[in-house]
Structures are given as C-alpha cells and as structure tokens.
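Structure, as structure tokens:
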2 protein chains.
Amino acid sequence: MMKEVDFMKPKYQIILDDLKSYILSGTYKAGEKIPSEFALQEEYNVSRQTIRKAILDLSNEGFLRSEKGSGTYVSTQYRSRTSGKTMNRTIGVITTYISDYIFPSIIRGIESRLNEDNYSLLLASTNNDISQEKKALEMMLSYGVDGLIIEPTRSNVYNPNIAYYLSFKEQDVPFTMINAYYEELEVPFFCLDDVQSSYLATRELISKGHTHIGIIAKMDDLQGKFRLKGFIKALGEAKLRFQQEHVLSFDTATKSNLSANLEIYLNDNRDDLTALVCYNDEVGLEVVNVCRILGISIPDELSIIGQDNSYIAKNANIKLTTLTHPQEQMGRDAADWVIKNLQGKKDLPTNTYYQPVLIEGETVKVIEVE
Amino acid sequence: MMKEVDFMKPKYQIILDDLKSYILSGTYKAGEKIPSEFALQEEYNVSRQTIRKAILDLSNEGFLRSEKGSGTYVSTQYRSRTSGKTMNRTIGVITTYISDYIFPSIIRGIESRLNEDNYSLLLASTNNDISQEKKALEMMLSYGVDGLIIEPTRSNVYNPNIAYYLSFKEQDVPFTMINAYYEELEVPFFCLDDVQSSYLATRELISKGHTHIGIIAKMDDLQGKFRLKGFIKALGEAKLRFQQEHVLSFDTATKSNLSANLEIYLNDNRDDLTALVCYNDEVGLEVVNVCRILGISIPDELSIIGQDNSYIAKNANIKLTTLTHPQEQMGRDAADWVIKNLQGKKDLPTNTYYQPVLIEGETVKVIEVE
DNA sequence: TATTGACAAATGTACGTACAGAAAATATAC
DNA sequence: GTATATTTTCTGTACGTACATTTGTCAATA
C-alpha cells in the first residue's frame with residue numbers, strides 16, 4: 001500500500017529544509033555566511049517574507065544567527081546541545097522497514113546487544129525511500145548519536161546522501177552497514193553472501209535435475225544484484241543457458257504489482273520452466289499464492305526455492321525450501337562492532353560475510369532424468 | 001527633538017511584553033484562549049503582522065500555542081522551557097517484543113506519526129519480563145524522554161514498577177499505554193476491545209452451529225483475561241455451559257511448551273470439541289500445525305478462529321478466520337496522543353477502545369443441525 | 001434525534017511595499 | 001596612503017492585501 005505522497009509542503013518549509021540540509025551536510029560550514037535574503041529571494045522566486053520565515057525558524061532552532069547589516073551565519077554550536085546534558089549513550093539505527101519481513105529480527109538482535117552495554121536505541125525507517133533516508137540522517141546528526149547502524153536504502157542506485165555519511169566520518173561517529181552497502185563509500189559492513197545464497201539455491205535445483213530454471217529478481221538493491229549474479233554463476237557452471245525471458249525483475253516501486261506480473265510470467269512460462277529461484281521468501285510466498293490461483297501445483301509442476309529462512313518459510317503451510325540468513329545474529333554483530341569501536345578497540349573486522357546454508361522444505365521436487 | 005529616553009521599543013515588543021505579563025500574572029490563565037489576532041489588531045491599532053510577530057515569538061518561547069481555525073491558547077507548561085536550547089524531542093517506546101507478531105506494525109505506526117512532528121523514537125523491549133521492563137523504565141527516566149508509549153508487561157499480574165510510572169507522572173512526562181493497561185494505575189490507554197473480540201469469535205462459531213467450543217487462553221496479561229471473559233459471555237448468552245476442562249491456559253513462561261500441551265489437549269478433547277477459540281493468530285497457527293501432526297483436518301473435524309488479523313492469518317496457506325486489530329493505527333493514535341499532550345492540548349481521549357470486526361477465512365465450518 | 005451543509009471565525013501561507021538602522025564597500029579629500 | 005564621507009548592501013520593523021485551511025456553530029434535513 002503506497003503512502004500518500006507528501007502533502008504540498010509550504011514554500012518556506014522547503015527552503016528551511018534545504019538550508020538545514022546544507023548546514024548538516026556541511027555545504028554551509030559553521031561560521032560561514034549564507035546567501036543574503038535578497039539572493040535567496042531571487043533564487044527561489046519567492047517574496048522576502050517567505051525567505052525570512054525560513055531563516056527565522058532556523059534561528060529559533062539554533063542553526064542560524066542573523067546580524068543586522070551584515071548577514072546571516074551558520075551557528076557554530078548547533079550540535080553542541082549534548083554539552084550540558086548528561087551524555088546518554090545512544091546508537092542510531094536506520095533501517096528500510098520496521099515491521100516487514102526479517103527486519104524486526106535484525107532490530108531485535110541490535111537491541112539486545114545494545115542493552116547489554118546500556119546503550120539506547122534510536123530508531124528510524126526509510127521505507128526504502130531516499131528522501132526519507134535523508135530525513136533520518138539529519139535527525140541522527142542533529143541528535144548527536146554516538147554510533148550508527150544503517151541498512152542502506154536502494155543500495156544499487158546512486159545515493160545522494162553520501163555527504164551525510166561523510167559528516168559522520170568527520171565527526172568520528174562510528175557507523176556500519178548491514179544487509180548491503182554503498183559501493184561508493186568505504187565503510188565496514190555485515191552482509192549475507194548473497195551471491196552464494198542464490199548460487200546454492202540454483203545449484204540445489206540443478207542437482208535435483210532441473211534444467212529450466214527461472215528467477216524473480218529485485219533490481220534496486222545490492223542483494224538483488226548479487227542474487228542474480230549467483231544464479232547466473234550456477235547456471236554457467238552447469239553449462240545451462242541463461243535466458244533473459246526467464247528473469248522476472250521488480251523493484252521497490254513495482255513491488256505492489258508483483259502479483260499481477262507474476263501471473264503473466266507464470267502463464268507465459270508455464271510449459272517452459274520446472275523451477276524458480278525467488279528473490280526471497282516473501283516473493284516465494286507470493287509465487288505460491290499465484291500458483292494456487294493458476295492451479296499450478298507445487299512442487300509437482302513447479303519447484304520453488306526462497307531465500308532468507310524467514311518466518312514465512314517456516315510457517316506457511318507448505319514449507320519453503322530456503323537458505324539461511326543470520327538475521328538476529330547480524331544485528332547483534334553490527335551492534336557489537338559499533339560498541340567495540342566506541343570502546344576504542346582496534347583491528348575490528350571490516351567486511352563480514354555470512355555463509356548461507358540450505359534448508360530443505362517441501363517445495364523442491366526431484367526431476368527424473370528420462 | 002529629543003530622541004526617546006528609553007530605547008524606543010518596537011511595537012511588537014510592547015505587545016509581546018503586555019501579553020507575557022498577562023500570562024505570568026494570571027490574567028490569561030493556563031489553557032485559556034487569548035483574544036484573536038484581529039481583536040488585538042484593533043486594540044493596539046497595528047497591522048496583523050505585528051500582532052503575529054509577538055504571538056509567534058511567545059510561541060517559540062513556549063508561552064503560547066496557536067491552533068489553526070480555533071485560536072491561540074496559553075500553554076500549560078511554559079515554566080519548564082528553561083533555555084532557548086531546543087531539546088531533542090524524543091518519545092520513548094517500551095514494548096514487550098520487537099520482532100514478533102503484530103508488534104512491528106504497531107511500532108511502525110508510532111514511528112510514522114512521530115516522524116511527522118520530528119520526534120525521535122527511543123526504543124526498548126521487555127520480552128514480557130518485569131525486570132527488563134524496570135531496566136527500560138530506568139533508561140527512559142535517565143534519558144529524559146519527553147513522552148512515553150508503553151505496552152504493559154505481564155499486565156494481569158501485580159507490577160512492581162508502578163513507582164517508576166508515578167515518577168513520570170510527577171515530572172509531567174505524558175505517557176499512554178497500548179494493547180493493555182495496569183489496572184492499579186490511572187492512565188489513558190489505547191486498546192482493542194478484547195472482550196468483544198473473543199465474544200464475536202465465539203458467537204460466530206455458535207451461529208455456525210457449534211456447541212462444543214474450547215478456548216486456548218493466556219493468563220498473565222489483560223488481553224488473555226478479557227478474551228476469556230468474552231468467550232464466557234458468548235457461551236452464557238447462548239445458554240451453553242462453560243466447562244473448565246475445555247480451557248487450555250498458558251502464559252509467557254509456559255509458552256514454549258504450548259505445542260506439546262496442545263497435543264495432549266487436542267487428543268483428550270478430540271471427540272468432544274468441534275471448535276476452538278484461540279488466544280490469537282499465533283496460537284491459531286500452532287493449533288493448525290499440531291492438528292496436521294495429529295491428522296485432525298481443519299475445518300472438517302475442528303473449526304478454529306484466531307484473533308488480531310496478523311500476517312499469519314493472511315499468509316498461512318489455510319486462511320485463518322480471525323478478528324481485526326488496529327495495529328498500525330493504534331500506534332499512530334498513541335503517538336498522536338502523546339504529541340498533542342506535549343503541545344498542551346486539552347480534552348484528549350482517555351480510554352480508547354477499538355472495535356474488532358470478523359474476517360472470514362477458511363477455518364470455520366458450518367455444522368448441520370441433526 | 002442524529003446527520004449534513006452552509007457559513008463565519010480564526011489561524012497559516014504568501015504576496016507586495018516601504019523605510020529604518022547597522023555594517024560593509026566604495027569613493028573622496030587631504 | 002590614509003582618514004573620512006558617501007553609497008550600497010543587508011537585516012529589522014511595519015504596513016497592506018489576498019486566499020487557503022481548519023474549526024466551531026447553527027440551521028435545515030433525513
């Protein structure tokens with residue numbers, strides 16, 4: 001269900017947000033003069049009052065300071081609000097989703113580890129939307145968290161929020177990424193070996209005699225990219241041809257249409273495919289549901305294999321064959337890394353890959369060789 | 001001529017000072033409405049902008065609060081606004097579980113509402129353990145959260161952490177409860193009408209001809225208590241006898257044994273019961289699984305009905321008949337309540353009950369009358 | 001009796017103008 | 001070249017208008 005697009009923000013709010021972003025991302029550095037009201041008025045094509053409203057509000061928030069006759073300056077101490085207050089040890093967590101799929105488990109792992117060292121957990125989610133990620137990062141920056149754990153948003157497309165991450169680096173706030181990472185950013189991460197995951201999935205199908213295998217692939221995150229890669233790798237090793245028409249791709253935006261697209265895809269390839277590698281268990285379940293509608297029996301007519309070993313795989317009436325995902329452990333490890341980093345520990349792992357393991361369910365059938 | 005002796009104060013400053021002294025002297029009392037902008041404009045013979053400037057500044061100082069379409073009111077807590085420093089606005093959330101069942105959805109609702117007003121979410125979970133709840137409360141207290149949303153831990157047994165809740169009350173930190181409440185504490189809450197939920201569930205079964213109905217009941221939280229109550233109420237209305245041996249009870253501690261106990265229970269009552277009201281969908285699914293092992297077919301041999309309309313009810317291959325739970329909406333409403341309370345709004349709802357609605361699945365069969 | 005619809009009242013946003021006053025930039029006088 | 005005057009730039013205050021949006025009220029309606 002799509003959330004309503006933002007209400008039309010008032011103009012002054014847009015300008016305010018812009019300015020705040022520039023300040024937090026370091027485009028306007030502390031003490032620097034920002035453009036004059038007149039200049040901004042020209043730039044945004046609004047009246048001076050509108051500009052003033054934005055600047056006044058930011059001054060009240062403590063980000064700016066205006067000097068009559070001189071100009072408006074970035075306040076030098078906008079982030080020293082923790083100064084007098086009792087330092088509370090807080091770790092920020094930015095995740096794509098809060099309530100969906102395996103993310104709650106990951107958060108749980110983080111929380112339980114932080115709890116052991118009396119750190120608090122400041123939570124924000126992005127719904128895999130880059131503008132929401134920006135807002136979350138701004139919140140964390142102005143909050144002054146001690147560390148950060150981020151699950152990247154749309155990790156396979158260019159991310160315009162890199163400046164914020166660099167801000168954290170400048171301020172020596174340790175952060176790490178889970179599930180994926182931004183390739184343009186040098187940063188430690190904790191990830192499943194996604195190539196291996198779908199490689200193993202595909203190999204399992206091949207070893208059971210399948211030769212006509214399709215894949216449902218996600219295109220806007222690294223996981224999707226790597227999982228497609230593993231699929232192709234396994235096909236290649238088995239000397240099976242990779243066929244573009246056997247790939248059904250989707251992304252965050254088109255996810256809501258997946259069910260309908262699946263129906264078309266499965267109908268089109270009904271006689272061609274005997275097995276399907278799914279992006280994850282969630283997609284796997286979707287396939288199961290669509291197959292039920294189409295009267296395709298699983299695994300007799302179609303074998304499917306999911307990934308991530310989520311509750312879906314375990315709890316659906318037909319147990320999905322799937323591959324493990326560390327979930328809670330990954331969360332724990334990431335939290336542990338941040339805590340150890342804050343304690344000044346050296347030689348912490350930079351890139352951690354977890355190896356997936358196959359879990360047999362009831363959705364893969366052995367094909368007899370004729 | 002002589003320049004003004006004193007500084008010639010700007011007009012808005014004069015008005016501001018006037019208003020401030022009225023507030024501080026009690027001419028305008030806390031919560032009262034002050035004259036409208038138009039009235040003040042007439043009174044002082046100045047433009048509306050000038051009045052607005054005075055009111056806006058006082059609002060920023062925390063003395064006033066304007067409501068669109070209604071008027072401007074004296075803020076109830078202008079005293080605590082110590083410095084001009086904008087504290088980080090943070091709402092604490094204490095929930096029993098982070099990753100399980102419907103709790104992620106509730107948290108999601110909270111998060112999305114807090115986000116709209118730029119509040120941060122500080123998260124802690126108790127795993128339904130009272131000592132962990134204590135730790136979480138201590139963390140929130142020392143952190144200095146602005147408000148709190150709590151899902152009570154073991155709400156049907158005496159809670160030794162009441163003192164902490166009273167501390168929050170003393171410090172005027174608004175808090176509200178969701179899903180349940182502590183009966184020994186006078187506090188606003190947002191709850192499903194749990195009595196009604198299982199009342200409707202039971203009535204549905206009765207209306208489909210069932211007369212031998214069992215229940216799986218949880219004993220250590222209010223939900224469990226109320227859901228048992230609704231079950232008994234429905235039986236009573238239908239003049240069916242309530243039989244103690246048809247109740248299988250469990251609690252947090254014995255939950256891990258539920259599966260084994262279910263097996264015994266279902267075996268014992270195999271020939272006696274035709275339907276089962278389950279504490280929630282999670283339990284419902286457990287029943288489905290155990291029935292599969294025992295070879296009891298659902299709904300032919302046994303009708304079951306869950307509660308909460310969780311993903312389990314929707315996603316399990318056999319769709320559970322269940323009752324709705326507001327989930328995300330409940331989270332939103334609770335967050336909204338805290339925010340409005342912090343803004344000094346009066347007449348907020350104290351006890352909110354959500355009415356459950358039946359959702360038909362595939363687990364209830366009509367019993368023909370012989 | 002309860003619900004709906006129309007209307008008025010109140011605040012929110014946004015445009016415009018004008019001038020005051022302080023600081024910075026520039027021109028001028030020596 | 002330096003000191004002083006002048007101009008320009010920039011923010012602060014203040015006026016005006018207009019329309020949007022929300023809330024509360026009251027009368028008409030079902």
Side-chain angles (χ1 to χ4, degrees), chain A residues 4-19 28 31-75, chain B residues 1-4 6-19 28 31-75 84 116-118 336 339-340 343-349:
Chain A
E4 191 71 33
V5 186
D6 272 327
F7 289 163
M8 187 57 173
K9 272 197 282 190
K11 295 189 185 178
Y12 81 88
Q13 187 70 48
I14 295 171
I15 298 163
L16 188 152
D17 288 343
D18 272 11
L19 293 176
Y28 296 155
E32 268 184 16
K33 186 150 89 169
I34 71 167
S36 76
E37 293 176 355
F38 181 73
L40 290 169
Q41 174 178 347
E42 297 286 286
E43 183 186 336
Y44 284 97
N45 263 305
V46 296
S47 78
R48 189 170 153 230
Q49 300 309 320
T50 307
I51 299 289
R52 281 184 64 75
K53 169 77 173 156
I55 291 178
L56 260 299
D57 279 12
L58 278 173
S59 301
N60 279 324
E61 280 188 60
F63 287 96
L64 292 175
R65 164 182 49 84
S66 292
E67 282 177 28
K68 194 173 181 177
S70 170
T72 302
Y73 302 83
V74 177
S75 179
Chain B
M1 254 334 212
M2 274 263 289
K3 198 106 202 229
E4 208 48 59
D6 268 335
F7 248 89
M8 180 62 172
K9 272 197 281 190
K11 294 189 187 181
Y12 81 88
Q13 188 69 49
I14 295 172
I15 298 164
L16 188 153
D17 288 342
D18 272 9
L19 293 176
Y28 296 155
E32 269 184 16
K33 185 148 89 169
I34 71 167
S36 76
E37 293 177 357
F38 181 72
L40 290 170
Q41 174 178 348
E42 298 285 287
E43 184 186 334
Y44 285 94
N45 263 305
V46 295
S47 80
R48 189 171 154 227
Q49 299 308 319
T50 307
I51 298 290
R52 279 184 66 76
K53 169 77 173 159
I55 290 177
L56 259 298
D57 279 13
L58 279 173
S59 299
N60 278 325
E61 282 188 58
F63 287 96
L64 292 175
R65 162 181 52 87
S66 292
E67 280 178 31
K68 193 174 185 173
S70 173
T72 301
Y73 301 82
V74 178
S75 179
E116 289 170 14
D117 274 49
N118 292 310
D336 188 67
I339 289 174
K340 292 233 170 82
Q343 290 170 344
K345 214 159 205 171
K346 292 280 168 191
D347 301 322
L348 291 170

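Residue numbering restarts at 1 for every chain, and letters A, B, ... go by the order of the sequence lines. As the structure is a computational prediction, the values presented were derived from the model and not from experiment.
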Proximity to the side chain of B:Thr72 - top-ranked nucleotide from C:dT11, D:dG12, C:dT17: C:dT11
Testing the basics here: between [X] and [Y], what is the closest heavy-atom pair and its distance to 0.1 Å?
| X | Y | answer |
| --- | --- | --- |
| B:Lys33 | B:Ser70 | NZ-O, 3.3 Å |
| B:Leu64 | B:Val74 | CD2-CA, 3.9 Å |
| A:Asp18 | A:Tyr44 | OD2-OH, 2.7 Å |
| A:Pro35 | A:Leu40 | O-CD1, 3.8 Å |
| A:Tyr28 | A:Ile34 | CD1-CG2, 3.7 Å |

When you check the phosphate oxygens OP1 and OP2 of [N], does a side-chain N or O of [X] lie under 4.0 Å from one of them?
| X | N | answer |
| --- | --- | --- |
| A:Arg48 | C:dC15 | no |
| B:Ser66 | C:dA10 | no |
| A:Thr50 | C:dT13 | no |

5'-most by nearest nucleotide on DNA chain D - A:Arg52 or B:Gln41: A:Arg52
Atom [atom1] of [X] to atom [atom2] of [N]: distance rounded to whole Å?
| X | N | atom1 | atom2 | result |
| --- | --- | --- | --- | --- |
| A:Leu40 | C:dC15 | CG | P | 13 Å |
| A:Phe38 | D:dT8 | CZ | P | 14 Å |
| B:Glu37 | D:dC19 | CD | P | 19 Å |
| A:Lys53 | D:dT13 | NZ | P | 15 Å |
| B:Lys340 | D:dT22 | NZ | C1' | 13 Å |
| B:Asp57 | D:dA14 | CG | P | 11 Å |
| B:Glu42 | C:dA10 | CD | C1' | 14 Å |
| A:Leu16 | C:dT13 | CG | P | 11 Å |

Check: protein-nucleotides 23-27 of chain D nitrogen or oxygen pairs below 3.5 Å:
{"residue": "D:dT23", "atom": "O4'", "partner": "B:Gly69", "partner atom": "O", "Å": "3.4"}

Test item: A:Lys53 side-chain N/O and A:Lys11 main-chain N/O as donor-acceptor pair under 3.5 Å: no
Earlier contact from the 5' end, DNA chain C, for B:Pro35 and A:Asn45: B:Pro35
From B:Asn60 atom CG to A:Asp57 atom CG, the distance as rounded to the nearest 0.5 Å: 7.0 Å
